[in-house]
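Remember, it's a predicted structure, so these values are computed and weren't measured experimentally.
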Amino acid sequence: MKTAIYQEEALARATSNVSMSNYPAILQGFIDKGIPEADIRPRENVFTFDAWRALGRYVRRGEHGVRVLTWVPMTKKDHETGEEKPIGRHPKSAVVFHVSQTEPRNGG
């Protein structure tokens, strides 16, 4: 089971990233699902499953999102200082969902 901390980190990554490289895929993917382009606002109403959970919402069963590619930073621990140092990034596939595919969690 994923923790609230993990979900909060997912939300922080989603809202802090400034890259727009996935915008065309997000827009086209949700337009193909019948959502008007004006209603598709990445980083405002399009998030990953975990980011929606951090926002107190859940993705409805059976909903299909849009697959995007993200770059995850990699670090390596310096054995002398114990400090985590960046060593690059690697690609990771993720799925994002539009707010219209979610519902508020009860009591959440």
Student: Report yes or no: does Asn45 contribute a side-chain atom to a donor-acceptor pair with the main-chain N or O of Asp39 at less than 3.5 Å?
Tutor: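 Yes, Asn45 side chain to Asp39 backbone: donor-acceptor pair under 3.5 Å.
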Student: If you take all heavy atoms of Glu63 and Phe97, which pair is closest and at what distance?
Tutor: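 The answer is O-CE2, 3.9 Å.
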Student: OH of Tyr58 to CZ of Arg53: how many Å apart, nearest 0.5 Å?
Tutor: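 Reported value, rounded in 0.5 Å steps: 11.0 Å.
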Student: Residues two or more places apart in sequence or in another chain: which of them pass side-chain hydrogen bond (donor to acceptor under 3.5 Å, both in side chains) with Thr70?
Tutor: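 Counting only residues at least two positions away or on another chain, Thr70 forms no side-chain hydrogen bond (donor to acceptor under 3.5 Å, both in side chains).
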Student: Show me the side-chain donor-acceptor pairs of residues 80-93 shorter than 3.5 Å, one per line, residues at least two apart or across chains.
Tutor:
unit_1, atom_1, unit_2, atom_2, d
Thr81, OG1, Glu83, N, 3.2
Glu84, OE1, Thr75, OG1, 2.7
Ser93, OG, Arg67, NH1, 2.8

Student: Side chains of residues 24-35: which donor-acceptor pairs under 3.5 Å do they make with residues two or more places apart or in other chains?
Tutor:
unit_1, atom_1, unit_2, atom_2, d
Gln28, NE2, Asp32, OD1, 2.7
Lys33, NZ, His64, O, 3.1

Student: For Leu55, what residues pass the side-chain contact (heavy atoms from CB on, under 4.5 Å) criterion, not counting sequence neighbours?
Tutor: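 Checked Leu55 against side-chain contact (heavy atoms from CB on, under 4.5 Å); matches are Leu11, Phe47, Trp52.
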Student: So, using salt bridge (charged side-chain N to carboxylate O under 4.0 Å, His left out) as the criterion, who are the partners of Glu8 when residues are at least two apart?
Tutor: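 Listed in chain order: nothing, the list is empty.
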Student: Looking at His98, is its backbone amide N or carbonyl O close enough to the side chain of Gln101 to form a donor-acceptor pair, meaning the two atoms are under 3.5 Å apart?
Tutor: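 A pair under 3.5 Å: yes.
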Student: Indicate, with yes or no, if Val95 and Val99 share a hydrophobic cluster defined by side-chain heavy-atom contacts under 4.5 Å among Ile, Leu, Val, Met, Phe, Trp and Tyr.
Tutor: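 Per the 4.5 Å side-chain linkage, Val99 and Val95 are co-clustered.
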Student: Please confirm whether the backbone N or O of Thr102 pairs with a side-chain atom of Arg60, one donor and one acceptor, at under 3.5 Å?
Tutor: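 Indeed, once roles are kept as given, a pair shorter than 3.5 Å links the two residues.
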Student: For Glu37, enumerate each residue passing the side-chain hydrogen bond (donor to acceptor under 3.5 Å, both in side chains) test, keeping only those at least two apart in sequence or located in another chain.
Tutor: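 Not a single residue meets the side-chain hydrogen bond (donor to acceptor under 3.5 Å, both in side chains) criterion with Glu37.
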Student: Does the side chain of Val46 come within less than 4.5 Å of Ile40's, by heavy atoms?
Tutor: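 Yes. Closest side-chain heavy atoms under 4.5 Å.
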